[in-house]
Enquirer: 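Before anything else, here's the structure in question.
Whatever order the structure lists them in is the order used to number ligands and atoms, beginning at 1. Heads up: numbering here begins at 1 and tracks the sequence.
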Amino acid sequence: MPNGRPKLVVVGSTNVDMVVQTQRIPRPGETVLGGRFTTVAGGKGANQAVAAARLGAEVTFVARVGTGPLGRQALEGFHSEGIVTDYVVQDPELEHGVALILVDQNGENAIAVAPGANGRLSAEDVQRAEPAFAEADAVLLQLEIPLAAVERAIDLAKKHGKQVMLNPAPYTPLPDVLLAQVDLLTPNETEAEMLLGGGEAGHSGIAGTAEELLRRGVGCVIVTLGKEGVYVVTPERQYHVCGRHVKTVDTTAAGDAFSAAVTVRLAEGAPLDEAVKFAVAVSALTVTKVGAQASLPTRAEVEAFLPAHSS
Ligand code: RIB
């Protein structure tokens, strides 16, 4: 980190989010009349890359954008955030990823993703980015891309002695051999239980679930709990950090923002407690605005929010 800015490699998805705000999420077979329709940049990987860049990291993004204007727009968006796109491939055939998102009056959402080009991000695409892995302070991953790409990213990170941060969303079954290489895992409660229960959510409680993930070899587990904050479990201790009180408008990308923020602060050398408090503030700010990348705060916005709201 010679210039004081941590270097991150983010490997993941990029989508266009088509968002409709509704009073409530419809039941199967039901139609509800919604409010505003917006189109915003999203995708779990891209959200994490943009969040980290706005918080001050030098980010190299490894991804596949779609053919056509949506892919080009996404690429321009990454450039305008100062993200290195040397390893973003424009797929010659497949459309850009699209997420259909409903956001209800409480800010909760329901999301369906058509992966498009994300589904063709390959181990070879990731392998080409090895020089960036060699330079990085940490590697940040999620699961909206093929598992082979995630596995190659973990192999490269470990080959070069880098920390691996994995946000296991959307839920995908993971072998223990992969979990054992993850330094920091940031599931929500359901994802944590499903990872252990072969896709079924169990009832072992947050602490029990996180402890079992540690037994399987994960270095540290931070379970995100929405407005309740997060529960942190390390081999030495476990503790709860409360969420910030804010007016929730849209929770989309709150988890992405949290994972990126905790990774940035840890890569800057901050202690875990401080990194977690910072990341809780970042995700709180994210839920106060509509949209995924549209809602991600800058470092200056977080610094301004932190002192007034730290407990
Ligand atoms: O985590 C939020 C993201 O999930 C959205 O931006 C959407 O694209 C889906 O990938």
Enquirer: Does the side chain of Ser259 come under 3.5 Å of the side chain of Thr186 through a donor N or O and an acceptor N or O?
Expert: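 There is such a pair between these side chains.
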Enquirer: Using a 4.0 Å cutoff against the non-hydrogen atoms of Ala292, which atoms of ligand 1 qualify?
Expert: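 Listed by number with element, the hits are 6 (O).
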Enquirer: Please list, in number order, the atoms of ligand 1 under 4.0 Å from a heavy atom of Ala99.
Expert: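 By the 4.0 Å cutoff, the relevant atoms are 7 (C), 8 (O).
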Enquirer: Are side-chain N/O atoms of Asp91 and Thr67 paired as donor and acceptor at under 3.5 Å?
Expert: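 Result is no, nothing qualifies.
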Enquirer: Check each atom of ligand 1 against the heavy atoms of Gly42 and keep those under 4.0 Å away; list them by number with element.
Expert: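 Atoms satisfying the 4.0 Å criterion: 6 (O), 8 (O).
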Enquirer: Hey, which atoms in ligand 1 end up nearer than 4.0 Å to a heavy atom of Asp17?
Expert: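 Counting atoms of ligand 1 from 1, those under 4.0 Å from Asp17 are 5 (C), 6 (O), 7 (C), 8 (O).
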Enquirer: Does ligand 1 have any atom sitting under 4.0 Å from a heavy atom of Gly43?
Expert: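 Per 4.0 Å heavy-atom rule, Gly43 contacts ligand 1.
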Enquirer: Got Gln238 and Tyr231 here, is their nearest side-chain heavy-atom distance under 4.5 Å?
Expert: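 Touching, per the 4.5 Å side-chain cut-off.
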Enquirer: For ligand 1, find out whether one of its N or O atoms is nearer than 3.5 Å to an N or O atom of Thr252.
Expert: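 No - when backbone and side-chain N and O of Thr252 are compared with those of ligand 1, no distance drops under 3.5 Å.
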Enquirer: Provide, to 0.1 Å, the distance between atom 3 (C) of ligand 1 and the closest protein heavy atom, together with that atom's residue and name.
Expert: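 For atom 3 (C) of ligand 1, the nearest protein heavy atom is Asn47 ND2, 3.7 Å.
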Enquirer: Identify the closest protein heavy atom to atom 2 (C) of ligand 1: which residue and atom is it, and at what distance?
Expert: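 Residue, atom and distance for the closest contact: Asp256 OD2, 3.3 Å.
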Enquirer: Under a plain distance cut-off of 3.5 Å, with no hydrogens placed, do Asn167 and Gln142 share a side-chain donor-acceptor pair?
Expert: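 Gln142 vs Asn167: no donor-acceptor pair found between side chains.
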Enquirer: Does any pair with a residue in residues 70-102 pass ring pair (Phe, Tyr, Trp, His ring centres under 6.0 Å), and if so which ones, sequence neighbours excluded?
Expert: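 Sorted pair list: Phe61-Phe78.
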Enquirer: Taking 4.0 angstrom as the limit and counting only heavy atoms of Lys44, give me the atoms of ligand 1 inside it, by number and element.
Expert: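 Going through ligand 1 atom by atom, the ones under 4.0 Å from Lys44 are 1 (O), 2 (C), 3 (C), 4 (O), 10 (O).
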Enquirer: More than 12 heavy atoms of other residues, nucleotides or ligands under 6.0 Å from NZ of Lys227: yes or no?
Expert: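 Counting neighbours around NZ of Lys227, 12 or fewer heavy atoms of other residues, nucleotides or ligands fall under 6.0 Å, so no.
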Enquirer: Test your reading of the structure: does Glu144 have an N or O sitting under 3.5 Å from an N or O of ligand 1?
Expert: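 Glu144 vs ligand 1: N/O contact under 3.5 Å present.
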Enquirer: List the residues meeting side chain to side chain donor-acceptor pair (under 3.5 Å) with Arg237, not counting sequence neighbours, and say none if there are none.
Expert: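 Testing Arg237 for side chain to side chain donor-acceptor pair (under 3.5 Å), a comparison that skips the adjacent residues, returns Asp273.
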